[in-house]
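Input: a single structure, listed below in structure tokens.
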2 protein chains.
Amino acid sequence: MYDVARLAGVSQPTVSRVLSQSEDVSQISKETRRRVLAAVEQLGYRPNAVARSLRTQKTRTIALLLADLSNGFYHPIARAVQKIAREHDYEVLISSSDHLHENEIHFCEIVLSRGIDGVLMAPQRLTMEELSHYVSQTNIPFVALGEHVDHPNIDIVFVDDEKATYETTRWLIEERGHRRIGYFGVPPFLPPGPGRTRGFLRAMEEAGLSVNPNHMQEGDFTLESGKQAARALLATGGNLPTALMVINDLMAIGAILTLQEAGLRVPDDIAVVGFDDIPEATIVRPALTTIAQDAYDIGQKMATALFERIENPDIGERRVYESTYKLIPRQSA
Amino acid sequence: MYDVARLAGVSQPTVSRVLSQSEDVSQISKETRRRVLAAVEQLGYRPNAVARSLRTQKTRTIALLLADLSNGFYHPIARAVQKIAREHDYEVLISSSDHLHENEIHFCEIVLSRGIDGVLMAPQRLTMEELSHYVSQTNIPFVALGEHVDHPNIDIVFVDDEKATYETTRWLIEERGHRRIGYFGVPPFLPPGPGRTRGFLRAMEEAGLSVNPNHMQEGDFTLESGKQAARALLATGGNLPTALMVINDLMAIGAILTLQEAGLRVPDDIAVVGFDDIPEATIVRPALTTIAQDAYDIGQKMATALFERIENPDIGERRVYESTYKLIPRQSA
DNA sequence: TCGAATTATGCATTCGAATGCATTGACGAG
DNA sequence: CTCGTCAATGCATTCGAATGCATAATTCGA
């Protein structure tokens, strides 16, 4: 910057003002501005973002923690966040926890030490104490995905998982006439497991239907775990359910593949319903009936909420945004 | 750091030494070290990465530019890079160009202004002049994916695309007896389009087979564009090829879906071969026969090459690493 | 017992840019 | 002709940590 200043015949602070203050705020003469910009151009000067960050205490970077980069559900979120961030002239540091506690902790440490300006996260294994611990050490805004995050300083965006699975289970019962319905979920410590499971069980109970414990299997959101769950179901040897609610599309697809391999017809022998509506849902045959989430909308809501707080730090209390879902009947149920 | 120093009864530089120099290099007494670490603990002090970066001129961050975050091919690359980066205690700034020139430029600007320590990229639209322009402005190492990147200061990792499609096309001809083979590619300015197309054409020519221009269609690597290409193929009305080489799996799957919708049987009426071996290849029915790339290996090679240069800046001339491919015969051909 | 060689630590400066405050010059009013 | 005002710019400092150099403390040998 000194070199630019010398070439333009002004002082370093003047160059700084030309480069970092908006035209109307600064009191730089037109002529000076022109000379400075010409010098910048001539030298190919580029401001050093690190130095700028140190002085302003802003990095113009937000961090985004996803649960699984390979799960297509998260891609529109990342895309929406990137887009909005770019509109605000911010960069996004993307990280994938792969559902691991250790990675979520690492993410938080990075956020605190790197001077990130705001955080978007889909936390799964972090306890509320841990979250509080980190949030309390900083003034930057946090926005999380999921109803389970309940902290006074964290805005959330959520989808009513319980209602979604409840309604869909009822749909399976009332519209499709199923009475033996199974459920593939995840262990209760993995959001949004509990909510979805609750919705399923409530619908079954209200309909006066019992659930065979053998028909409830657990996985970890991956395709492979959906296959395993289906294998476990088949291995029980007992009579099979006529329909299966699965906690997400990837597992649902895994289940379909394995069931078909075992000679079962979907949906004739077993109907399968997923959750998310990822691109793969239209690739499997039969195409997957699923509860669609609007991931792009979720990403937009999260990013918008975050930047509102970044631009106006004293917005006040926790805000809650709900994003919609919608049952998409295809061929698998 | 001053607070820590005061609490520990030492000077700020001493705290700095305790925190940033390895135990054996530094000449800090055991007792002082203990007191300092205790003070750090007590105050919950966390070094400011921005200040550290300004002083050391290192950000401990590398940048990774992918062509399309939604394309599963890139996920293992990202995963491998993250893993190796973490082993070196670096963070990864991931970005997706979505095949757009504008985004590739933006990425380079960020790299230069943010003081990134190294770059991994899968450039597609950047011209060699532009790349040179950016590379020449910095001393940090660049590693690129793809044979088409030919710059003395950029190491590359590549897969022999031409050989792969050549061999696979021969396989279609010799092992499977196809003589009318079509090809779905991408416009020639999109790597690795040209190499793969060349391999296909060479195999056809050597076999003395001509290619019906109607059987050559172009897309942009996406599922949707594969569907469009298939629609265009069908719309030509003429006789159809009995086999189709497709430049990547996503387009191949799109093609299969559309062909099936039109009442054609795969592979009986038209065999389809893809390239990449993404997870979706095992989801479609028939399962996709494809040329597998070892994306995790590619990511590892790229990251390893990069860190070698980061740790030893004067390694010298451009290095070239080849990663393998392998035809995976499944059911679609 | 004293100086040389270590070892342990502190002081002052530096990284690059942003900013509070001071200064300069031009202009107009009295 | 003088002084106040305001626009334009410069000076000095600051952000937080790392580091070259100087120095104090300790050890050791002769």
Length of the NZ-P vector between A:K30 and D:dT9, whole Å: 13 Å

base_contact_polar (C:dG10 base, B:R17 side chain, donor-acceptor, <3.5 Å): yes

Side chains of A:R6 and A:Q12, donor plus acceptor under 3.5 Å: no

Among C:dG10, D:dG16, C:dT19, the nucleotide that comes nearest once only the side chain of A:L54 is considered: D:dG16

Value in whole Å for how far the P atom of C:dT19 lies from NZ of A:K58: 11 Å

Minimum heavy-atom distance between B:R125 and B:L190, given as atom pair plus value: CD-CD2, 3.6 Å

Distance in angstrom units between B:N48 CG and D:dA18 P, rounded: 9 Å

Nucleotide C:dT6, atom C1' - distance to CD1 of B:I28 in whole Å: 15 Å

Heavy-atom donor-acceptor pair, A:R52 side-chain to C:dA17 base, under 3.5 Å: no

C:dA18 phosphate, OP1 or OP2, under 4.0 Å from A:T56 side-chain N/O: no

Sugar-phosphate only, base, or nothing, as touched by B:V10 at under 4.0 Å among non-hydrogen atoms: sugar-phosphate

Of the listed nucleotides C:dG10, D:dT9, D:dT19, the one nearest the side chain of B:S11: C:dG10

Along DNA chain D (nearest heavy atom to each residue), the more 5'-positioned of A:A51 and B:Q12: A:A51

A:Y2 side-chain N/O to C:dC15 phosphate OP1/OP2 under 4.0 Å: no

Parallel, tilted or perpendicular, as decided by the 30° and 60° cut-offs, for the rings of B:F307 and B:H88: parallel

Chi angles and distances behind the side chain to side chain donor-acceptor pair (under 3.5 Å) call for A:H148, A:Q124: CA-CA 9 Å; A:H148 63 286; A:Q124 296 211 301; over 6 Å; no

N/O donor-acceptor pair, side chain A:R55 with base C:dG20, under 3.5 angstrom: no

B:M1, nearest nucleotide to its side chain (from D:dT9, C:dG10, D:dA17): D:dA17

Nucleotide D:dA8, atom C1' - distance to CZ of A:R35 in whole Å: 12 Å

A:T14 side chain near D:dG10 phosphate (N/O to OP1/OP2, under 4.0 Å): yes

Candidate nucleotides C:dC11, D:dA17, D:dA12, ranked by approach to the side chain of B:P47 - the nearest: D:dA17

Nearest-angstrom distance from the residue atom CG of B:D3 to C1' of D:dA17: 14 Å

Atom-to-atom span, CG of B:L19 to C1' of D:dG16 - whole angstrom: 13 Å

Rounded distance (Å) that lies between atom P of C:dA8 and atom CZ of B:R34: 16 Å

Sugar-phosphate, base or nothing in reach of A:S16, heavy atoms under 4.0 Å: base

Distance-only polar pair, side chains of A:T61 and A:R114, donor-acceptor under 3.5 Å: no

Given C:dA8, C:dG16, D:dT9, the nucleotide with the shortest approach to the side chain of B:S29: C:dA8

Sugar-phosphate, base or nothing in reach of A:T32, heavy atoms under 4.0 Å: sugar-phosphate

Sugar-phosphate, base or nothing in reach of B:Q57, heavy atoms under 4.0 Å: sugar-phosphate

Heavy atoms from other residues, nucleotides or ligands near CD of B:E87 exceed 12 (cutoff 6.0 Å): yes

